[in-house]
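In what follows, chains carry the letters A, B, and so on, assigned in the order in which the sequence lines appear, proteins first and then strands, with residues in each chain numbered from 1. These numbers come from a predicted model, not from an experiment.
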2 protein chains.
Amino acid sequence: MPPEIYHNTISFVITDVARLMRAEFDRRTSGVGIGLTPGEARVLFSVSKAGPVRQAVLAERMGLEAMTLSTYLDRLEERGLLSRTADPSDRRAKLVSVRPEAEPIIQEILRIGAQLRADMSATIDPQKMEQLRQSLMQMRNCLIEMRPECPKGTSKA
Amino acid sequence: MPPEIYHNTISFVITDVARLMRAEFDRRTSGVGIGLTPGEARVLFSVSKAGPVRQAVLAERMGLEAMTLSTYLDRLEERGLLSRTADPSDRRAKLVSVRPEAEPIIQEILRIGAQLRADMSATIDPQKMEQLRQSLMQMRNCLIEMRPECPKGTSKA
DNA sequence: TCTTATAATAAGCGTTGCTTACTATTGATG
DNA sequence: CATCAATAGTAAGCAACGCTTATTATAAGA
């Protein structure tokens with residue numbers, strides 16, 4: 001084992017894991033021929049979980065700016081994976097929902113995600129993994145509360 | 001508490017935490033007038049830990065491509081925070097080291113990093129935090145081994 | 001009515017990181 | 001020693017992710 005070059009602080013390690021994970025996910029999905037980036041997959045998945053949902057609501061729950069989400073939705077809509085329909089109760093708003101064509105892709109993404117998660121934590125006690133998840137969620141909440149626009153009312157994910 | 005919109009899988013939570021952390025770090029450092037991005041700070045810190053070191057060695061240990069690192073070093077060198085000197089034992093290579101001017105900035109970065117870490121994990125048992133760190137490091141190792149260029153010999157960070 | 005607030009979007013940018021192709025040097029092999 | 005492959009660094013260019021600011025349409029309160 002090489003000498004530790006920098007402190008393995010939580011911050012650095014999390015950054016590393018996030019980056020490596022995204023790269024590996026990308027490798028696996030593109031290997032299977034799914035033409036989605038990890039970010040697109042995440043949005044598609046979230047829409048499928050949220051059912052028809054307003055963009056603003058989805059953005060807030062995903063912790064993204066409305067504009068950021070809008071761009072993702074553009075791409076996913078172009079590929080025919082989801083649709084935007086007018087919200088009958090507010091003509092400004094649009095409801096996003098997945099189209100049937102997306103279902104097999106979503107299933108595949110789920111499968112790949114679960115497999116990656118399993119591979120990545122193969123050497124780790126499941127109970128520890130669950131604790132890790134809990135702690136990370138707590139950290140996320142802390143960080144969300146630190147954001148300048150938070151007092152406005154933003155709170156969870 | 002809003003209904004969970006997507007599964008809070010490890011993957012998503014880690015991605016969120018990494019992003020939020022970087023944003024918060026950025027907010028704090030730019031608030032203090034340090035003109036460095038989180039990535040630049042990370043490189044500067046790593047150089048300060050590694051002493052005079054070859055770029056290729058540093059890149060490998062940081063888990064970055066040589067080119068990626070080179071670009072960061074360009075910017076840090078331009079700001080006079082570190083220097084590249086010829087390696088006497090190999091005229092192709094350069095040794096990177098921090099310049100004295102960088103010391104106060106490094107100290108400030110360390111301080112801010114430690115504070116952020118503390119704030120972010122305020123509600124978490126220190127022992128759990130340490131476990132979390134260990135588990136994440138294990139996950140990082142798993143992920144590093146999955147990379148296609150890994151068999152070549154790349155291994156740790 | 002008029003003003004303010006909200007939903008979505010257009011336009012444009014910054015950070016992080018990659019790949020591919022190139023130059024200069026090293027070191028091994030015939 | 002001549003040659004040729006490997007290595008250290010860099011130039012150029014691109015992709016993914018996410019943000020801010022400004023704009024348009026609609027809603028809702030004073």
Q: Tell me yes or no: between the side chains of Q131(A) and Q127(A), is some donor less than 3.5 Å from an acceptor?
A: no
Q: Using the rule salt bridge (Lys or Arg N to Asp or Glu O under 4.0 Å), only one of K94(A), R54(A), R92(A) pairs with D87(A); which is it?
A: R54(A)
Q: Heavy atoms only, 4.0 Å cut-off, all strands: where does D90(B) land among base, sugar-phosphate and nothing?
A: sugar-phosphate
Q: Which nucleotide, dC17(D), dT20(D), dT10(D), lies nearest any side-chain atom of E65(A)?
A: dT20(D)
Q: Which is more 5' along DNA chain D, the nucleotide nearest R19(B) or the one nearest T71(B)? Just name the residue.
A: T71(B)
Q: DNA chain D: E40(A) or L73(B), which has the more 5' nearest nucleotide?
A: L73(B)
Q: Taking the side chain of R54(B) as heavy atoms from C-beta outward, which of dG9(D), dA10(C), dG18(D) is closest to it?
A: dG9(D)
Q: Over all strands shown, is T68(A) touching base, sugar-phosphate only, or nothing at heavy-atom distances under 4.0 angstrom?
A: base
Q: Is a side-chain donor-acceptor pair under 3.5 Å present for E145(A) with N141(A)?
A: no
Q: dT16(C), dG9(D), dG17(C): which one has an atom nearest the side-chain heavy atoms of T37(B)?
A: dT16(C)
Q: Kindly say if R84(A) contacts the phosphate of dT9(C), meaning a side-chain N or O under 4.0 Å from OP1 or OP2.
A: yes
Q: For L58(A) and dG18(D), give me the distance from atom CG to atom P, rounded to whole Å.
A: 13 Å
Q: Is it true that E108(B) and R111(B) have a side-chain N and a carboxylate O under 4.0 angstrom from each other?
A: yes
Q: Heavy atoms from C-beta onward define the side chain here; which of dT9(C), dG17(C), dA16(D) lies closest to that of L64(B)?
A: dG17(C)
